[in-house]
2 protein chains.
Amino acid sequence: MTINIKDVAIKAGVSIASVSRVLSGKPGVGTETAERIRKVIEELDYRPNLGARGLAKRTTGNIAVVIPRGSFILNNPFFSTILEGIAKGFDQTNYNMMMSFTSLQQKRLLETQAVDGVILFSPRNEELSLEWLKGIGLPIVVVGSYLEDSPFPCVRPDDEDGIRQAVTALYQLGHRNIGIINGPMSSMHSVRCLNGYKSTLLELGLDYSSENVFEIDEFDAFKATKTMAAFLKDHRKITGVVCSSDYLAIGVIKAAAMIGLSVPEDLSVVGADDVPISDFITPSLSSVHVDLLGIGKRATSILMDMIQGKQIRKRDVVFKMEYINRATTDVPKNS
Amino acid sequence: MTINIKDVAIKAGVSIASVSRVLSGKPGVGTETAERIRKVIEELDYRPNLGARGLAKRTTGNIAVVIPRGSFILNNPFFSTILEGIAKGFDQTNYNMMMSFTSLQQKRLLETQAVDGVILFSPRNEELSLEWLKGIGLPIVVVGSYLEDSPFPCVRPDDEDGIRQAVTALYQLGHRNIGIINGPMSSMHSVRCLNGYKSTLLELGLDYSSENVFEIDEFDAFKATKTMAAFLKDHRKITGVVCSSDYLAIGVIKAAAMIGLSVPEDLSVVGADDVPISDFITPSLSSVHVDLLGIGKRATSILMDMIQGKQIRKRDVVFKMEYINRATTDVPKNS
DNA sequence: TTGTAAGCGTTATCAG
DNA sequence: CTGATAACGCTTACAA
């Protein structure tokens, strides 16, 4: 039914080898013949069968983007923005992009020689076995967060410094009782955020108290608002909070509203990562910006290099963050 | 390097044909032999090469999810939620999912026999040539919006009725000056929303005036807030607006804030589709709910049927919508 | 410069 | 029930 290389060869009166050569731009075919072949390809609107090519070349021409715990994650703009960067990155290449959101899909994708490489969204530590990942023997780059003890290159925001900037910004506004709303400790990202929070408090001469840290039990901020509201209610001296993500920050604003606190009058809140929607909601969210698109693009370019066998010198690419003051932060009320 | 069907055959002391048989669960192999083969497969941790299988079977085992105008779209929760539904749907199948966000990627994906079917996110009318789409001869289902004169099955929200419900809800609250914030008319979705708006006004005995409709020029609501603010400023008699999407509604809230209007006191706003974040922002957005996840799932199941050659009876699957009253709607001020 | 032919890893059609 | 063997569509030595 669909036309193949042989059809082209016959119509052009040459061998399939020659056709293959012009297809892959290889030398060894007369200018004139090449021209004729190209014309026939055009006429027949021939497209090489990628699967067959893959078989012959022992490469697939596609890469996997794997997202652990897929369910809700797509709705988290942090991920979707990085994903957009990845997609943009792939536009420059000839690779196709396969996505997997569940562990079933992941196994299928990575174990069946269906891809040449993988971009792995920061899994939680317990989720994906490092051993298994190493075992599949594919080039892998981790994106979004660091994977502990991993041999894979990683592209991520400088979240520790991001939190530092957020805390400092609140401090400079006059806040002295600063809390942190953090993700689960099973994520390295949360761990680093807490570190940044602690050390900055120290730097600033403020006391650290575990009292002031709230760790959501699940990554889904939706479900966490009620418990966050309870936390805020129990900790009224807190005048400002930093969050380990913008998504959480939006939840905090909701939690504050639930107990009658208004933002930023009664409570200042700072997010992290500065996802697009943060500037869009009302009041617009103060956050710590990072080039999420750039992170995605960089991840793909590193992966491309790995696939091409290049040696990767920088195995931990850290994007700098920068505090953006918007409308959810103000001087504390009683100052 | 990687082990193949031959390795299994040799180690099991059988022919590759037999191995292939047990692999695909085909009859014609002794219980005992089959058992032995299975054991070897297990021992060797053998996985069939999907590319090779595809070549032989003339199917690829993967489907394409194509998203026109990819750039910003991923950050639109309407799309990402449907996408989540699609992903969930694929979990039930043995298919892998390939994504394309740009026209370059799309051509590559659809023309190279890389997929067995495609789920097409509602393109604008001018974007994708129907002729081309038909020409590729792949099963296609359109999702999210209707494609004019298209021969492809379609799964979508009943947006016309959704707007009707939104307008009616505002009416019942006492609003008599109701505006609409709509997307560009190049999208059928916008066209249907406008229809719903007009006809409902008529039903309710209210006058329709093009004065009260604001059509954003681009799909990116981010950039539209300024012009929306100007519109609202020029149309102060409007006490409530319905929007063709939640995303736009969020923009309206921002636009209102820009000119000192507060929601819902000075202006009631209703979104459409009820994306997850709408219940999450503050104040939570009144909207017209539709089962976006269900839409995604349904689209994949229809596609699966098409691929299996089943006849599709229902070529236009419409999901019903339901108004959800939340915090961005109230009685008009001077009532 | 060109063509022949041997793979690539499967499936599927035959015979036995 | 089992095993050769010819496809599948392409790349790539190796010859000519």
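To find a chain, count down the sequence lines: A is the first, B the second, and so on, and within it residues start at 1.
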- Nearest-nucleotide pick for B:L23, side chain only, options being C:dT11, C:dT4, D:dT11: C:dT11
- Message: Does C:dT11 have OP1 or OP2 under 4.0 Å away from a side-chain N or O of B:R53?
- Response: yes
- When you get a sec, tell me which of C:dC8, C:dT10, D:dG9 is the closest nucleotide to the side chain of B:I5? C:dT10
- Message: Side-chain N or O of B:K26 versus OP1/OP2 of C:dA12: is the shortest distance under 4.0 Å?
- Response: yes
- Query: Should A:S18 be listed as having a side-chain N or O under 4.0 Å from OP1 or OP2 of C:dG3?
  - Reply: yes
- Message: Can you measure B:R21 atom CZ to D:dG3 atom C1' for me and round it to whole angstrom units?
- Response: 7 Å
- Would you tell me if any nitrogen or oxygen in the side chain of B:N49 comes within less than 4.0 Å of OP1 or OP2 on C:dG9? no
- Item | N-O pairing of B:E42 and B:K39 below 4.0 Å | no
- Message: Mind checking if B:G28 touches a base, just sugar-phosphate, or nothing, with heavy atoms under 4.0 Å?
- Response: base
- Starting at CG of A:L55 and ending at P of C:dC8, how long is that distance when rounded to a whole Å? 10 Å
- Query: Can you find a side chain N or O atom of A:S20 that sits less than 4.0 Å from OP1 or OP2 on D:dT11?
  - Reply: yes
- Atom CG of B:D116 and atom P of D:dC8 are separated, to the nearest Å, by 18 Å
- Task: Taking only the side-chain heavy atoms of A:A56 (C-beta and beyond), determine which of D:dG9, C:dG3, C:dT10 contains the nearest atom.
- Result: D:dG9
- Sub-3.5 Å donor-acceptor pair from the side chain of B:D116 to the main-chain atoms of B:I63, do we have one? no
- Please state whether the phosphate of D:dC1, meaning OP1 or OP2, lies under 4.0 angstrom from any side-chain nitrogen or oxygen of B:T33. no
- Whole angstrom is fine here: how far is it from CD1 in B:I10 over to C1' in D:dG3? 14 Å
- Query: Do any N or O atoms from the side chain of B:R47 and from the backbone of A:Q113 form a donor-acceptor pair under 3.5 angstrom?
  - Reply: no
- Query: If you round to the nearest 0.5 Å, how far is CD1 of A:I16 from CG of A:L23?
  - Reply: 11.5 Å
- Task: Just call it for A:V19: base, sugar-phosphate, or nothing, with non-hydrogen atoms closer than 4.0 Å on any strand.
- Result: nothing
- Message: I'd like to know if the side chain of A:D7 and the backbone of A:I10 have a donor-acceptor N/O pair within less than 3.5 Å.
- Response: no
- Atom CG of B:L293 and atom NZ of B:K88: how far apart are they, to the nearest 0.5 Å? 5.0 Å
- Report yes or no: is there a donor-acceptor pair, N or O only, under 3.5 Å between the side chain of A:R58 and the base of C:dG7? no
- Please tell me which of the listed nucleotides, D:dG3, D:dG9, C:dG3, lies nearest to the side chain of A:S15? C:dG3
- Item | Nucleotide nearest A:I16 when distance is taken to its side chain, options D:dG9, D:dG3, D:dT11 | D:dT11
- Task: Record whether the side chain of A:R47 comes under 3.5 Å of the base of D:dG9 through a donor-acceptor pair of N or O atoms.
- Result: no
- Query: With a 4.0 Å cut-off on heavy atoms, is B:L50 in touch with a base, just the backbone sugar-phosphate, or nothing at all?
  - Reply: nothing
- Query: What is the distance, rounded to the nearest whole Å, between atom CZ of B:R36 and atom P of D:dG3?
  - Reply: 8 Å
- Task: Using atom CG of A:N4 as one end and atom P of D:dT11 as the other, report the distance to the nearest whole Å.
- Result: 12 Å
- Query: To the nearest angstrom, how far is B:K6 atom NZ from C:dT11 atom P?
  - Reply: 16 Å
